[in-house]
Enquirer: 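I am attaching a structure below and will ask some questions about it afterwards.
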Amino acid sequence: MTLRRHFLLTVTLGLTLGCAGAKPTVHASAEPGALERVALVHGGAGPWAVAGYRMGDYALQQLGLPRGSFKLEVIHHSPAKVQYTCVADGAAAATGASLGKLNLSLETTSSPEDVATTFRNRDTGQSLTLRPSASFVQRFRDVPREKLGEAGQAVLTLPDAEVFETVTP
């Protein structure tokens, strides 16, 4: 199923459910251009980068900040291994954070279990730390290179809880 078709199906189902009394919902991750935005920043749209995108998009909504805000600070914690650092590029694609704006940084950790990304509103101090969910890690760890695009598309359509979870302080 193409991204456009998935988006239209999601909107149609959401509107249909809305007529039955439920709130219509469109997953923000289903927005047209999400995979292209990830690929533009990262060079591809594999599952870990798309997960970072999903996390960043969710964090912006929770913190009430627009994409590209200088008020946002993003700190990605992970081992210096491409699979895990891909999340930072996805978060950058979603939020507009960058090294040049001095609002994106990487803190190296020793264990894959420590992979997490903290999003903070500099003005309010409100922060949110997200990490890939256990089911995501199990399903998408070490995806073969030739399957990365397909896996990234799958991540775009999964419920939030199957992609990431909140780290409680």
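Since this is a predicted model, take the numbers as computed values, not measurements.
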Enquirer: Measure from the side-chain N and O atoms of Gln83 to the backbone N and O of Arg141, and report whether any donor-acceptor pair falls under 3.5 Å.
Expert: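 Side chain of Gln83 to backbone of Arg141: no pair is present.
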
Enquirer: Side chain to side chain contact (heavy atoms under 4.5 Å, CB included), that's the test. Do Asp160 and Met55 meet it? Break it down for me.
Expert: CA-CA 8 Å; Asp160 290 341; Met55 292 162 62; over 6 Å; no

Enquirer: Lys101 and Gly96: which non-hydrogen atoms are nearest, and at how many Å?
Expert: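 For Lys101 and Gly96, the tightest heavy-atom pair comes out as NZ-O, 2.7 Å.
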
Enquirer: Do you know which two heavy atoms are closest between Leu60 and Ala94, and how far apart they sit?
Expert: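 Closest approach of Leu60 to Ala94, heavy atoms only: CD1-O, 3.5 Å.
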
Enquirer: Return each pair, listed once, that meets ring-ring contact (aromatic ring centres under 6.0 Å, His included) where at least one residue sits in residues 102-147; pairs must be two or more places apart or across chains.
Expert: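 For residues 102-147: Trp48-Phe136, Phe136-Phe140.
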
Enquirer: Got Pro47 and Leu148 here, is their nearest side-chain heavy-atom distance under 4.5 Å?
Expert: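 In short, these two side chains touch, coming nearer than 4.5 Å.
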
Enquirer: Heavy-atom distance under 4.5 Å between the side chains of Ser69 and Thr95, does that happen here?
Expert: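 Answer no - side chains too far apart.
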
Enquirer: Among Thr129, Leu130, Leu128, whose side-chain contact (heavy atoms from CB on, under 4.5 Å) with Thr118 holds?
Expert: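 With Thr118 as partner, Thr129, Leu130, Leu128 yield a single side-chain contact (heavy atoms from CB on, under 4.5 Å), made by Thr129.
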
Enquirer: Using the rule side-chain contact (heavy atoms from CB on, under 4.5 Å), only one of Asn121, Asp123, Leu104, Leu63 pairs with Leu72; which is it?
Expert: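 That would be Leu63; it is the only one of Asn121, Asp123, Leu104, Leu63 passing the side-chain contact (heavy atoms from CB on, under 4.5 Å) with Leu72.
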
Enquirer: If you compare all heavy atoms of Ala51 against all heavy atoms of Val155, which two are closest, and at what distance to 0.1 Å?
Expert: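 Smallest heavy-atom distance, with atoms named: N-CG1, 3.9 Å.
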
Enquirer: Kindly give the heavy-atom pair with the smallest separation between Val50 and Gly152, and that separation in Å.
Expert: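 So the minimum-distance heavy-atom pair works out to CG1-O, 3.6 Å.
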
Enquirer: Do Arg67 and Arg37 come close enough that some side-chain heavy atom pair is under 4.5 Å?
Expert: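 Contact flag for Arg67/Arg37 side chains = yes.
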
Enquirer: Ignoring hydrogens and geometry, is there a side-chain-to-backbone donor-acceptor pair from His76 to Cys86 under 3.5 Å?
Expert: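 No; judged by distance alone, with no hydrogens or angles, the pair does not exist.
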
Enquirer: Using a cut-off of 6.0 Å, state whether more than 12 heavy atoms not belonging to Gln138 lie near its atom CD.
Expert: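 Not more than 12 within 6.0 Å, no.
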
Enquirer: The criterion is side-chain contact (heavy atoms from CB on, under 4.5 Å); which residues satisfy it with Glu107, sequence neighbours excluded?
Expert: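 Residues passing side-chain contact (heavy atoms from CB on, under 4.5 Å) with Glu107: Ile75, His77.
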
Enquirer: Measuring only between side-chain heavy atoms, which start at C-beta, is Asn103 closer than 4.5 Å to Lys71?
Expert: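 No, their side chains stay 4.5 Å or more apart.
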
Enquirer: Can you give each donor-acceptor pair under 3.5 Å made by side-chain atoms of residues 162-169, sequence neighbours left out, with the distance rounded to 0.1 Å?
Expert:
{"residue": "Glu165", "atom": "OE2", "partner": "Arg131", "partner atom": "NE", "Å": "2.6"}
{"residue": "Glu165", "atom": "OE2", "partner": "Arg131", "partner atom": "NH2", "Å": "3.1"}

Enquirer: Are Val74 and Thr117 side-chain neighbours, meaning at least one heavy-atom pair lies under 4.5 Å?
Expert: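 A side-chain contact under 4.5 Å exists here.
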
Enquirer: Any idea which heavy atoms bring Arg122 and Leu102 closest together, and the distance?
Expert: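 In this case the closest contact between Arg122 and Leu102 is NH2-O, 2.7 Å.
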
Enquirer: Can you name the closest pair of heavy atoms from Pro79 and Pro112 and give their distance?
Expert: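 Reported closest heavy-atom pair: CG-N, 3.6 Å.
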
Enquirer: Do Tyr53 and Leu106 belong together in a cluster built from hydrophobic side chains that touch within less than 4.5 Å?
Expert: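 Unlinked, Tyr53 and Leu106 end up in two clusters.
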
Enquirer: Flag yes if Val87 and Val143 sit in one hydrophobic cluster, no otherwise; membership is Ile, Leu, Val, Met, Phe, Trp, Tyr, and two members link when side-chain heavy atoms are under 4.5 Å apart.
Expert: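 Yes; Val143 is reachable from Val87 via cluster members.
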
